[in-house]
K.L.:
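Mind looking over this structure? Questions follow.
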Amino acid sequence: MRYNRTRNIDIQRYIDRTKKVVQRELEKALSKEDILDVDPGKKVKIRIPYIDEPYFKFYESGGGGSGGSGSGSGDNGDPSEHSIELELTLEEIADLLFEYLGLPNLKNKGEDELKEKFRVWGVTKSGPKSRIHRRKTFYEMLKQKRIDHYVFRYRDIRKTEEPIFSAVVYLARDYSGSMTEEKKFRVRSASFWILNLLRRLYSKIEIKFLVHDTSAKFCDEHYFFYSSEGGGTTCSSAFELIESDMQKYDIDNNNFYIFYFSDGENDPSDNSKLIDKIVKLSSIVNIIVYGEVLDKTNTYGYYYQGTLLKILEPLTKNYDNIYAKKLINVRSFLMDIFYREGEK
Amino acid sequence: MKYFFKNQYEKHLNDILQFVKDKGLDPKETIFIPVENETLFYVISNLYPVALPHWTRGRNYLQTKTSNERGSTYYEVVFNASPYAIAYMSEICSHTDILVVIAHVFGHTHIYKHNIYEYNEHDVLPRLKNALELYEQNIGYYSYEELDEYIDFVNALWNVIYEPEKISEKNEENDKPKIYSVDKRFLKFANQKVEAPTPKEIKQKEREKERKEKAFIGKINFYEFIINNSPIDDWIKEILRAEIELKKVIYRKSSLKILHEGFASWIDQIYSLEMLEDKEFFESLITSSRVGHASFSNPYWLGYKLLKFAEEVDNVFLPDFVKEMDDYELVSRYLNKEFLLYITKSADGFVDAKDIQEILSEETEEDMRKRIMSNLFIKRPLIYISDYDLGVDGDEYYDDYRIIKVVNQTENALLKLESPDTLDYAYAYNTIKKIAKVWKGPVLLKYRRP
């Protein structure tokens with residue numbers, strides 16, 4: 001039916017017009033819990049404000065005057081009354097969001113594997129009927145002033161080769177008793193968007209989760225995000241385990257990412273070992289990120305130690321690929337790591 | 001009368017038709033077409049079965065869909081096409097709903113056939129189809145976004161698509177006192193003789209009048225003037241004209257909305273009460289809201305109550321009464337103190353009798369009516385072509401007026417628009433940008449500053 005075609009085009013163009021508004025709304029969704037729990041492929045509802053077309057309108061004192069009609073920012077009147085709900089899949093949300101944030105800005109290594117890709121490109125004199133190029137054929141007819149099989153032109157399909165980059169991502173965290181529910185949620189939220197971002201970049205990606213107290217171990221995703229146990233803290237154990245695990249891979253042709261989350265507590269005698277490990281690993285991996293997770297109790301509290309951040313921050317000045325950041329806001333955390341990668 | 005797809009409704013259709021005819025209705029020939037819900041939303045949101053692609057249509061569709069998800073139900077949409085009216089029926093209605101909605105549709109088509117204000121749409125559907133074909137032929141050479149810009153022009157002029165008779169009267173009244181009386185008074189004040197105009201002056205005045213007529217100065221329906229004098233392609237002009245015709249239909253529809261929905265609800269209520277059996281009747285109560293919630297902004301409820309009130313007070317026969325009535329007349333004649341007391345008596349529970357007493361004691365009847373009517377009938381700003389002199393070298397500010405300009409297009413002459421009203425700057429600027437796009441020349445707008 002005719003409606004279906006025009007309807008879909010109209011809806012798509014409306015969404016394109018409101019793209020910036022949608023993206024602004026999505027930015028709020030970065031730290032919302034309901035998005036983190038959505039299964040891939042399922043749709044999430046996002047509410048966006050109504051955008052007016054231009055027309056002559058009376059001046060209303062006390063608002064509405066500055067709303068640019070039809071320009072993409074026209075949020076006139078009560079937004080709750082006119083708001084529209086859009087259904088987007090997680091992939092679409094990630095696409096829109098990362099485009100808006102301008103992420104990521106990463107350099108890749110390793111091109112040993114090439115992927116064959118076919119695309120419609122150019123014109124040939126032979127081919128199947130389904131690929132007849134009508135405009136070119138018509139043009140040839142006029143040019144040669146005849147109609148036979150010599151005038152037919154076909155769209156060509158050509159083979160191109162694109163390199164495949166592969167990545168190994170290590171997500172590590174301290175699972176000692178001091179990691180509260182709020183801190184774990186922040187880790188989960190940041191990890192969710194980091195993995196989403198990296199999955200979009202690499203078709204071949206391996207994600208490894210590990211937790212540690214005084215010794216480190218690999219675990220599954222659920223255990224990584226939800227577990228917490230008592231005990232001391234030796235951070236270098238995690239990096240030791242990562243280092244030994246990395247021996248399994250071809251170092252030149254893989255991109256390694258290490259994300260380590262902790263609340264900043266470490267055994268003081270372990271600090272020098274930790275720094276050595278991190279410096280050693282930084283020559284191999286693309287990025288090493290340390291995120292110091294804080295919650296309301298210790299963000300501004302007087303007993304906030306933050307030992308690790310103080311120790312690791314000096315390293316970030318000397319090494320391009322070492323990051324040490326506080327993880328309070330997911331958006332700024334992501335922007336700090338990925339957006340400034342190219343500039344650094 | 002014809003019901004596509006579901007043959008079992010042929011018999012019901014004739015029964016219902018006979019029933020409404022017994023009640024005094026004489027509906028127009030109607031074709032009932034069941035459609036899937038998504039199509040129904042698209043047609044309802046754009047108020048017509050054929051529409052040119054435009055981004056606002058996607059927005060309207062999403063809005064209708066959202067409101068449906070929040071609980072609004074849509075049963076049908078009817079068009080006064082020629083020679084038959086067309087009713088799109090929702091496919092997912094229950095059996096009882098379909099019967100009641102058919103009666104409801106006959107209420108609409110009775111008004112289509114007999115109401116003197118009803119707009120004859122026979123020209124619009126083929127014209128829009130033609131425009132759509134032109135659009136599809138040319139979409140290969142233009143992008144959708146480019147053509148959107150042209151259709152934006154019609155949306156931009158949406159406010160000035162009024163009924164021509166009313167505007168011409170208004171305009172003459174506005175113009176007369178301004179031009180002549182002031183000069184004469186000044187002459188008298190200065191003790192100078194008021195001389196009779198010489199033949200030369202009379203001729204000059206006539207020429208001036210001719211020039212103004214030619215340049216459409218003082219006219220409000222200037223969209224046709226802009227289209228005629230624009231250097232754009234003929235097929236785009238045809239598309240714009242078809243879109244304007246559609247806007248006119250929608251405008252006329254909106255001026256009969258309360259009457260239409262009120263009357264259609266009246267007949268479907270009678271049908272439900274008299275014809276449905278126990279089980280079906282209760283089903284109809286459960287599955288549908290019919291007249292909907294009690295609110296002055298709900299045309300179904302307000303129209304239904306006003307018509308019932310008119311029937312009770314003036315003892316009118318409604319099928320005849322609706323023939324010479326429009327919304328404005330219905331509301332201004334019957335929305336009064338007695339009506340408010342009548343609706344509290346009928347126990348719809350939207351306001352207590354106490355509240356009504358308070359409203360009546362605080363507000364005079366005239367004020368109350370003005371308030372309610374200003375919500376029902378939205379007033380729109382007045383815009384017309386003018387020939388004012390510009391100030392000294394781009395001086396944008398007059399005493400009380402402000403001038404905004406768009407000068408990025410230079411193919412056509414300068415177009416000067418004027419409004420005596422106070423306008424919203426952002427909206428006005430974006431609007432004249434759209435006008436300049438079609439006019440292909442610089443456009444100025446002078447309006448009263450807030």
Side-chain angles (χ1 to χ4, degrees), chain A residues 1-19 21-22 43 45-88 133-135 138, chain B residues 35-36 38-39 41-43 46 49-63 65-67 69-70 132 136 140 144-145 148 151-153 155-160 379-383 417 419 421-435 445 447-450:
Chain A
M1 220 167 169
R2 189 178 254 172
Y3 300 114
N4 293 346
R5 192 154 47 82
T6 51
R7 184 179 69 214
N8 293 339
I9 295 167
D10 291 346
I11 292 168
Q12 193 49 51
R13 279 184 308 134
Y14 170 63
I15 293 171
D16 288 347
R17 269 180 186 248
T18 54
K19 212 169 180 181
V21 187
V22 174
K43 289 192 170 180
K45 275 186 182 172
I46 303 288
R47 189 168 286 188
I48 54 165
Y50 184 89
I51 292 179
D52 240 350
E53 65 265 42
Y55 58 91
F56 291 115
K57 188 183 168 188
F58 283 114
Y59 173 78
E60 287 166 15
S61 57
S66 59
S69 60
S71 60
S73 59
D75 180 12
N76 302 298
D78 183 10
S80 64
E81 209 174 276
H82 290 296
S83 63
I84 290 169
E85 273 176 2
L86 276 184
E87 280 188 346
L88 299 171
H133 195 309
R134 279 189 284 181
R135 189 163 53 80
F138 186 61
Chain B
V35 290
E36 58 179 3
E38 301 227 317
T39 308
F41 295 159
Y42 191 73
V43 175
N46 297 310
V50 179
L52 295 170
H54 191 255
W55 67 270
T56 51
R57 308 219 143 96
R59 177 199 63 193
N60 296 348
Y61 168 79
L62 285 175
Q63 205 182 15
K65 204 177 158 208
T66 307
S67 77
E69 281 161 7
R70 287 181 195 162
L132 195 58
E136 286 180 351
Y144 280 107
E145 297 300 325
D148 265 6
I151 296 174
D152 273 340
F153 164 78
N155 286 330
L157 290 179
W158 167 232
N159 283 8
V160 296
K379 210 184 149 213
R380 303 188 190 272
L382 195 70
I383 316 282
L417 301 176
S419 171
D421 297 317
T422 315
L423 302 179
D424 184 320
Y425 172 77
Y427 275 82
Y429 181 70
N430 281 319
T431 311
I432 62 167
K433 260 187 1 194
K434 301 295 175 192
I435 295 172
L445 171 71
Y447 67 90
R448 194 177 286 278
R449 271 198 292 167

K.L.:
Centroid separation under 6.0 Å, is that true for the rings of A:F56 and B:Y427?
P.N.:
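No; A:F56 has its ring centre 6.0 Å or more from that of B:Y427.
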
K.L.:
Is there side-chain contact between B:R449 and A:Y59, with heavy atoms separated by less than 4.5 Å?
P.N.:
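No, too far: nothing below the 4.5 Å cut-off.
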
K.L.:
Taking salt bridge (charged side-chain N to carboxylate O under 4.0 Å, His left out) as the test, write out the residues that go with A:R13, two or more places apart.
P.N.:
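A:R13: salt bridge (charged side-chain N to carboxylate O under 4.0 Å, His left out) contacts with A:D10, B:D148.
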
K.L.:
At what distance, to the nearest 0.5 angstrom, does OG1 of B:T422 lie from CD of A:E60?
P.N.:
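The CD atom of A:E60 is 12.0 Å from OG1 of B:T422, to the nearest 0.5 Å.
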
K.L.:
Less than 4.5 Å to any heavy atom of chain A: does that hold for the side chain of B:T56, its backbone, both, or neither?
P.N.:
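For B:T56, the side chain is the part near chain A, not the backbone.
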
K.L.:
Under 4.5 Å heavy-atom distance to chain A, tell me which part of B:I383 shows up: side chain, backbone, both or neither.
P.N.:
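Side chain only.
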
K.L.:
Could you give the distance from CZ (A:F58) to CG (B:D424), rounded to the nearest 0.5 Å?
P.N.:
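Going from the CZ atom of A:F58 to the CG atom of B:D424 covers 11.5 Å.
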
K.L.:
Please find the pair of heavy atoms, one from B:Y144 and one from A:I9, that lie closest to each other, and give the distance.
P.N.:
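In terms of heavy atoms, the two residues are closest at OH-CD1, 3.3 Å.
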
K.L.:
Going by the rule ring pair (Phe, Tyr, Trp, His ring centres under 6.0 Å), which residues pair with B:F41 if we only count those two or more places apart in sequence or in a different chain?
P.N.:
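Ring pair (Phe, Tyr, Trp, His ring centres under 6.0 Å) check on B:F41 returns B:Y74.
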
K.L.:
Working to the nearest 0.5 Å, report the span between CG of A:N8 and OH of B:Y42.
P.N.:
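These two atoms lie 9.5 Å from each other.
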
K.L.:
Identify the heavy atoms of A:I51 and B:R59 that sit nearest to each other, and give their distance.
P.N.:
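Taking A:I51 first and B:R59 second, the nearest heavy atoms are O-NH1, 2.6 Å.
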
K.L.:
Are the side chains of B:N430 and A:E53 in contact, using a 4.5 Å heavy-atom criterion?
P.N.:
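No - every pair of side-chain heavy atoms lies 4.5 Å or more apart.
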
